[in-house]
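Read the structure below first, then the notes.
Note that ligands are numbered from 1 as they come in the structure, with each ligand's atoms numbered from 1 the same way. Values below: all heavy atoms of this structure, side chains included; hydrogens, waters and symmetry mates excluded. In this chain, residues are counted from 1 in sequence order.
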Amino acid sequence: MTEVLVLIDHADGEVKKPTYELLTLARRLGEPSAVFIGAGSQGAAAAEKVAKYGAEKVYVVDDADIKGYLVAPKAEALQQLVEKSSPAAVLIPSTFEGKEVAGRLAIKIGSGLITDAVDVQADDGGDGTPVTTQSVFAGNYTVTAKVTTGTPIITVKPNSATPEEAAGAGTVEEFAATVSDSAKKAQIVASQPRKASGRPELTEAAIVVAGGRGTGGKFEPVEGLADALGGAVGASRAAVDSGWIPHSFQIGQTGKTVSPQLYVAGGISGAIQHRAGMQTSKTIVAVNKDDEAPIFELVDFGVVGDLHTVFPAAAEKVNERKG
Ligand code: FAD
């Protein structure tokens, strides 16, 4: 069976959920091998985790020599691994870093690249190469595409698949990458972890509760419902531009793209630029005072009402059920 490489998304060895989603998709294309680039000592624990989602092999690339640099060394390490293993495809999480690694890798190996896929299938009628689904032009078109040159490199948005367990051997193979001096030209001088909010990362969260201009700057009801549901907080550009919440919370064309299982919008009208960042959410719920707000065109459930009343009441019910 052909090998499919999956780049593990992790924070200090802690494997993140999108990795399991990618492994689930990779099994449609061939035999998944995971790639761990990080502290060698954390490789075995990561391998154990990814084996539960079907990784037969886990390449561990010790980053002792490269972790102080930006993404170029990672792309170079991955290039060497692709050249060694000749995989059928490389799947990479659609994070800021993942997309940069993917772009650099594509250039290095002369391959086609598809970013921000929301689904990946093997081409049944053809040669089994990956066929992707993407939502493009602010979500106005759904495109199916495939790479026609080189090894397909595909970045996949978080929450595009439900992780399914499957026993894999998880055999660890250490891979010593040689990183050139030119890949080490940008060095990390200092890095500071984001202030922990206790909430999941916005682009990875299975549940997102977002607030817009209709919050009037009061995000407590949005945060209250997000916390009751164990979700992340998001915002429209109007809320960000009003200075009520930082840009890192913005969802949409010029913000982040989310694709959670549940998206709850409060006081958001549903402008096309906002939709571009959330319309692939599995279930969409909106609360809006205006029953003609465009957001109601795309919801699964809509509530015509004041978010300052509806969100706290919903949060209370959820908390009651949790006991
Ligand atoms: P509004 O459109 O003002 O809607 C507020 C809504 O709240 C209304 O529907 C109102 O009925 C409702 N409301 C008011 N009070 C309440 C209440 N108490 N309870 C319930 N409902 C209430 N926008 C983004 O979001 N993300 C982007 O990335 C983005 N990128 C853009 C890029 C470009 C190039 C441009 C031109 C625009 C972009 N925009 C983006 C802006 C976008 O066009 C909209 O202006 C913006 O999304 C509107 O935000 P909003 O829905 O919060 O505000």
Side-chain angles (χ1 to χ4, degrees), residues 94-96 99 115-116 118 134-143 155 157-160 194 199-205 207-229 231-260 262-318:
S94 268
T95 56
F96 289 124
K99 283 197 268 192
T115 55
D116 287 339
V118 291
Q134 291 163 286
S135 177
V136 301
F137 294 141
N140 280 326
Y141 289 88
T142 298
V143 170
T155 77
K157 279 191 189 179
N159 292 310
S160 294
R194 231 174 357 127
R199 299 190 187 108
E201 211 282 310
L202 182 53
T203 54
E204 289 169 16
I207 298 176
V208 172
V209 182
R213 200 194 305 275
T215 59
K218 294 194 177 71
F219 261 73
E220 293 80 3
V222 178
E223 291 165 350
L225 184 56
D227 290 341
L229 293 168
V233 169
S236 73
R237 179 163 159 180
V240 172
D241 285 353
S242 303
W244 300 334
I245 190 158
H247 180 259
S248 56
F249 289 80
Q250 184 178 318
I251 292 165
Q253 193 179 323
T254 45
K256 289 183 175 160
T257 302
V258 299
S259 195
L262 173 64
Y263 185 85
V264 186
I268 293 178
S269 61
I272 187 78
Q273 297 88 354
H274 186 77
R275 292 181 191 206
M278 48 63 74
Q279 64 188 357
T280 53
S281 305
K282 308 293 175 299
T283 300
I284 300 172
V285 178
V287 178
N288 198 301
K289 280 209 297 206
D290 175 6
D291 64 357
E292 290 189 5
I295 192 122
F296 286 131
E297 290 163 12
L298 81 159
V299 298
D300 297 283
F301 303 98
V303 179
V304 179
D306 186 335
L307 75 94
H308 295 103
T309 316
V310 178
F311 275 8
E316 201 181 313
K317 282 280 171 215
V318 174

Quiz item: In the protein, what heavy atom is nearest to atom 18 (N) of ligand 1, and what distance, to one decimal place, separates them?
Solution: Asp306 OD1, 2.9 Å
Exercise. Enumerate the atoms of ligand 1 whose separation from the nearest heavy atom of Asp290 is less than 4.0 angstrom.
Key: 11 (O)
Quiz item: Which one of Lys157, Gln134, Lys99 satisfies the side chain to side chain donor-acceptor pair (under 3.5 Å) criterion with Asp116?
Solution: Lys99
Quiz prompt | Minimum heavy-atom distance between Ser135 and Thr280, given as atom pair plus value | solution = CB-CG2, 4.0 Å
Self-check item: Protein contact of atom 34 (C) of ligand 1 - nearest heavy atom, named by residue and atom, plus distance
Solution: Arg237 NH1, 4.3 Å
Quiz prompt | Between CD1 on residue Ile251 and OG on residue Ser236, distance to nearest 0.5 Å | solution = 9.0 Å
Quiz item: Donor-acceptor pair, Arg275 side chain versus Gly270 backbone, under 3.5 Å?
Solution: yes
Quiz prompt | Gln250: numbered ligand 1 atoms lying under 4.0 Å from its heavy atoms | solution = 26 (N), 27 (C), 28 (O), 29 (C)
Practice problem: Mark yes or no for whether Ser281, through its side chain, and Thr283, through its backbone, hold a donor-acceptor pair below 3.5 Å. | Solution: no
Quiz item: Quick one: does Ala271 get an N or O within less than 3.5 Å of an N or O on ligand 1?
Solution: no
Quiz item: Between Asn288 (side chain) and Ile268 (backbone), is there a donor-acceptor pair under 3.5 Å?
Solution: yes
Quiz item: Looking only at heavy atoms, what is the nearest atom pair of Gly231 and Pro200, with distance?
Solution: O-CD, 3.5 Å
Exercise. Provide the number and element of each atom of ligand 1 under 4.0 Å from a heavy atom of Ala238.
Key: 48 (C), 49 (O), 50 (P), 52 (O), 53 (O)
Exercise. Using distance alone, decide if ligand 1 has a nitrogen or oxygen within less than 3.5 Å of any nitrogen or oxygen in Ala239.
Key: no
Quiz item: Heavy atom of Gly305 under 4.0 Å from ligand 1?
Solution: yes
Quiz item: Is there a donor-acceptor pair under 3.5 Å between the side chain of Lys256 and the backbone N or O of Ser248?
Solution: yes
Practice problem: Can you sort out which atoms of ligand 1 are near Gly252, meaning under 4.0 Å from one of its heavy atoms? | Solution: 26 (N), 27 (C), 28 (O)
Quiz item: Are any of the side-chain heavy atoms of Arg237 and Gln253 separated by less than 4.5 Å?
Solution: no
Quiz item: For ligand 1, which atoms have a heavy atom of Gly255 less than 4.0 angstrom away?
Solution: 28 (O)
Exercise. Mind checking the CD1-CG spacing from Ile207 to Asn159? Nearest 0.5 Å is all I need.
Key: 10.5 Å
Quiz prompt | Taking atom 30 (N) of ligand 1 as the reference point, the nearest protein heavy atom with its distance | solution = Thr254 OG1, 2.7 Å
Exercise. Just need the protein heavy atom nearest to atom 9 (O) of ligand 1, so name the residue and atom and give the distance.
Key: Asn288 ND2, 2.9 Å
Quiz item: Taking the side chain as C-beta and beyond, is there a heavy-atom pair between Thr254 and Gln273 under 4.5 Å?
Solution: no
Practice problem: For Gly212, take its heavy atoms, then give the atoms of ligand 1 lying under 4.0 Å from any of them. | Solution: 52 (O)
Practice problem: If you have a sec, work out which protein heavy atom is nearest atom 5 (C) of ligand 1 and how many Å separate them, to one decimal? | Solution: Gly267 O, 3.4 Å
Exercise. Would you give the length of the straight line joining atom CZ of Phe311 to atom CD of Glu220, rounded to the nearest 0.5 angstrom?
Key: 13.0 Å
Practice problem: Measure Ser269 to ligand 1 on non-hydrogen atoms and call it side chain, backbone, both or neither using the 4.0 Å cut-off. | Solution: both
Quiz item: Between Ile251 and ligand 1, does any nitrogen or oxygen pair lie at a separation below 3.5 Å?
Solution: yes
Quiz item: Among protein heavy atoms, which sits nearest to atom 13 (N) of ligand 1, and what does the distance come to when rounded to 0.1 Å?
Solution: Gly214 CA, 3.7 Å
Practice problem: Heavy-atom distances under 4.0 Å are what count here, so tell me which part of Thr215 touches ligand 1: side chain, backbone, both or neither. | Solution: neither
Quiz prompt | Contacting atoms of ligand 1, where contact means under 4.0 angstrom from a heavy atom of Gln253 | solution = 27 (C), 28 (O)
Practice problem: Do me a favour and list the nearest non-hydrogen protein atom to atom 3 (O) of ligand 1 with residue, atom name and distance? | Solution: Arg213 NE, 2.6 Å
Quiz item: Are any non-hydrogen protein atoms located under 4.0 Å from atom 45 (O) of ligand 1?
Solution: no
Quiz item: Going from OG1 on Thr95 to CD on Glu204, what distance comes out if it is rounded to the nearest 0.5 angstrom?
Solution: 8.5 Å
Exercise. May I ask you to identify the nearest protein heavy atom to atom 52 (O) of ligand 1, giving residue, atom name and distance to one decimal place in Å?
Key: Ser236 OG, 2.6 Å
